[in-house]
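Source: prediction; values computed, not measured.
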Amino acid sequence: MKTKLEVCIDSVESALIARESRADSLEVCSNLVIGGTTPGVSQFKQIRKACDMELYVLIRPRHGDFLYTEAEFRMMKEDVRMFYELGADGITVGCLRPDGSLDLERMEELKDSAGDLRFTLHRAFDVCKDPYEALEEAVALGIDRILTSGQAAVCTEGLKF
């Protein structure tokens with residue numbers, strides 16, 4: 001199986017550099033310095049115009065934990081539908097419960113909102129209480145991919161996972 005490189009980008013310029021560096025796909029974000037948040041509409045549109053390649057959109061209304069209020073969750077669902085309509089190829093998202101388990105109900109609602117978009121569970125996976133249980137749940141939900149650093153702060157430390 002060929003290794004694929006997906007690069008997190010937060011501007012048209014970084015998207016072009018990633019494309020020129022032969023990235024296979026891009027994760028479109030804002031605020032990468034704080035771990036990434038949902039990008040703006042105009043930002044996504046300009047990147048879509050500049051790069052004819054797979055674009056995954058990070059759906060994360062704020063930095064910090066992955067425990068979202070009801071209002072934040074409604075925003076996330078609306079963002080998923082909006083980026084679907086704007087031509088995203090997939091979304092990257094994750095919701096946890098206060099006990100550190102995956103919030104399966106919310107993840108399923110987001111997956112339903114995503115329609116046929118590819119669906120990635122993001123690094124919320126790296127802070128969940130039981131990654132093996134979360135992996136099984138992700139498979140059962142039909143999640144396509146998991147973005148992980150192997151349960152470590154940085155990916156080189158999590159290679160053994």
Side-chain angles (χ1 to χ4, degrees), residues 1-66 68 72 75-96 102 106-107 110-128 131-132 134-135 137-139 141-161:
M1 182 165 87
K2 178 186 180 272
T3 300
K4 292 190 175 190
L5 175 63
E6 183 168 295
V7 176
C8 295
I9 53 98
D10 61 0
S11 67
V12 172
E13 293 76 18
S14 60
L16 293 172
I17 291 167
R19 184 188 68 191
E20 290 167 15
S21 300
R22 298 190 178 187
D24 295 295
S25 60
L26 304 175
E27 181 182 298
V28 184
C29 314
S30 286
N31 302 305
L32 281 173
V33 71
I34 59 170
T37 57
T38 304
V41 171
S42 59
Q43 175 188 5
F44 176 83
K45 285 180 175 181
Q46 292 302 310
I47 291 167
R48 172 50 78 204
K49 285 179 189 175
C51 294
D52 185 24
M53 55 191 305
E54 286 188 344
L55 298 181
Y56 289 78
V57 177
L58 177 63
I59 304 297
R60 187 178 182 203
R62 59 164 171 78
H63 75 284
D65 63 35
F66 305 105
Y68 298 111
E72 290 170 330
M75 288 170 44
M76 293 169 74
K77 284 176 53 174
E78 187 174 329
D79 284 343
V80 167
R81 288 188 294 271
M82 177 183 60
F83 284 110
Y84 175 86
E85 292 171 7
L86 290 172
D89 296 291
I91 62 162
T92 303
V93 68
C95 300
L96 297 178
L102 277 183
R106 285 185 165 182
M107 292 294 290
L110 291 170
K111 184 144 182 15
D112 290 344
S113 294
D116 61 357
L117 290 177
R118 282 174 237 130
F119 198 91
T120 302
L121 170 58
H122 67 39
R123 291 195 58 202
F125 177 81
D126 287 326
V127 296
C128 68
Y132 298 103
L135 175 62
E137 292 170 339
V139 169
L141 281 173
I143 291 173
D144 301 301
R145 311 176 320 161
I146 297 177
L147 175 63
T148 181
S149 61
Q151 299 285 290
V154 293
C155 62
T156 53
E157 294 172 4
L159 288 172
K160 294 179 183 176
F161 179 72

Give the intermediate values and the outcome of salt bridge (Lys or Arg N to Asp or Glu O under 4.0 Å) for residues D144 and K111. CA-CA 11 Å; D144 301 301; K111 184 144 182 15; 5.3 Å; no

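Residues I143 and T120 have side chains not in contact (no heavy-atom distance under 4.5 Å, counting atoms from C-beta outward). For the pair S30 and T38, the minimum side-chain heavy-atom distance is 4.5 Å or more. Inter-residue side-chain proximity for V57 and L86 is flagged as unmet; no heavy-atom pair is nearer than 4.5 Å. Annotation: side chain of N31 is not in contact with side chain of H63 (no heavy-atom distance under 4.5 Å). Between M76 and L110, some side-chain heavy-atom pair lies under the 4.5 Å cut-off. Between H122 and E27 there is no side-chain heavy-atom pair separated by less than 4.5 Å. The shortest side-chain heavy-atom distance between V93 and F119 falls under the 4.5 Å cut-off. Side-chain contact check for V28 versus I9: some heavy-atom pair is nearer than 4.5 Å.
Between the NZ atom in K4 and the CZ atom in R145 there is a gap of 8.5 Å [rounded to 0.5 Å]. In this structure, CD1 on I17 lies 7.0 Å from OG on S11, to the nearest 0.5 angstrom. The distance from atom CG of L141 to atom CG of L121, rounded to the nearest 0.5 Å, is 9.0 Å. To the nearest 0.5 angstrom, D126 atom CG is 7.5 Å from L147 atom CG. One finds the OG atom of S113 at 12.5 Å from the CE atom of M82 (value rounded to the nearest 0.5 Å).
Taking each heavy atom of L117 and A88 in turn, the nearest pair found is CD2-O, 2.9 Å. Of all heavy-atom pairs spanning A124 and L96, the tightest one is O-CD1, 3.8 Å. Pairing each heavy atom of P131 with each of F125, the nearest pair is O-CE1, 3.3 Å. Here the closest non-hydrogen pair linking G94 and M107 is CA-SD, 3.8 Å. The heavy-atom pair separating C29 from P39 by the smallest distance is C-CB, 4.0 Å. Between S25 and E6 the shortest heavy-atom distance is OG-OE1, 2.8 Å.
Panel note: side chain Q43, backbone D10; a donor-acceptor pair is recorded below 3.5 Å. Listed for the R106 side chain is a donor-acceptor partner under 3.5 Å among the backbone atoms of Y68.
The side chain to side chain contact (heavy atoms under 4.5 Å, CB included) with M53 is formed by just one residue from the set I47, L26, D89; it is L26. When each of Y84, F83, Y56 is tested with F44 by the rule ring pair (Phe, Tyr, Trp, His ring centres under 6.0 Å), just one qualifies, namely F83.
Dense packing is recorded around CD of E72, with more than 12 heavy atoms of other residues, nucleotides or ligands lying under 6.0 Å away. Open room surrounds CG on D52; 12 or fewer heavy atoms of other groups in view lie less than 6.0 Å from it.
Between D79 and R60 no salt bridge is recorded (no basic side-chain N to carboxylate O distance below 4.0 Å).
Residues forming a side-chain hydrogen bond (donor to acceptor under 3.5 Å, both in side chains) with D65 (at least two apart in sequence, or on another chain): R62.
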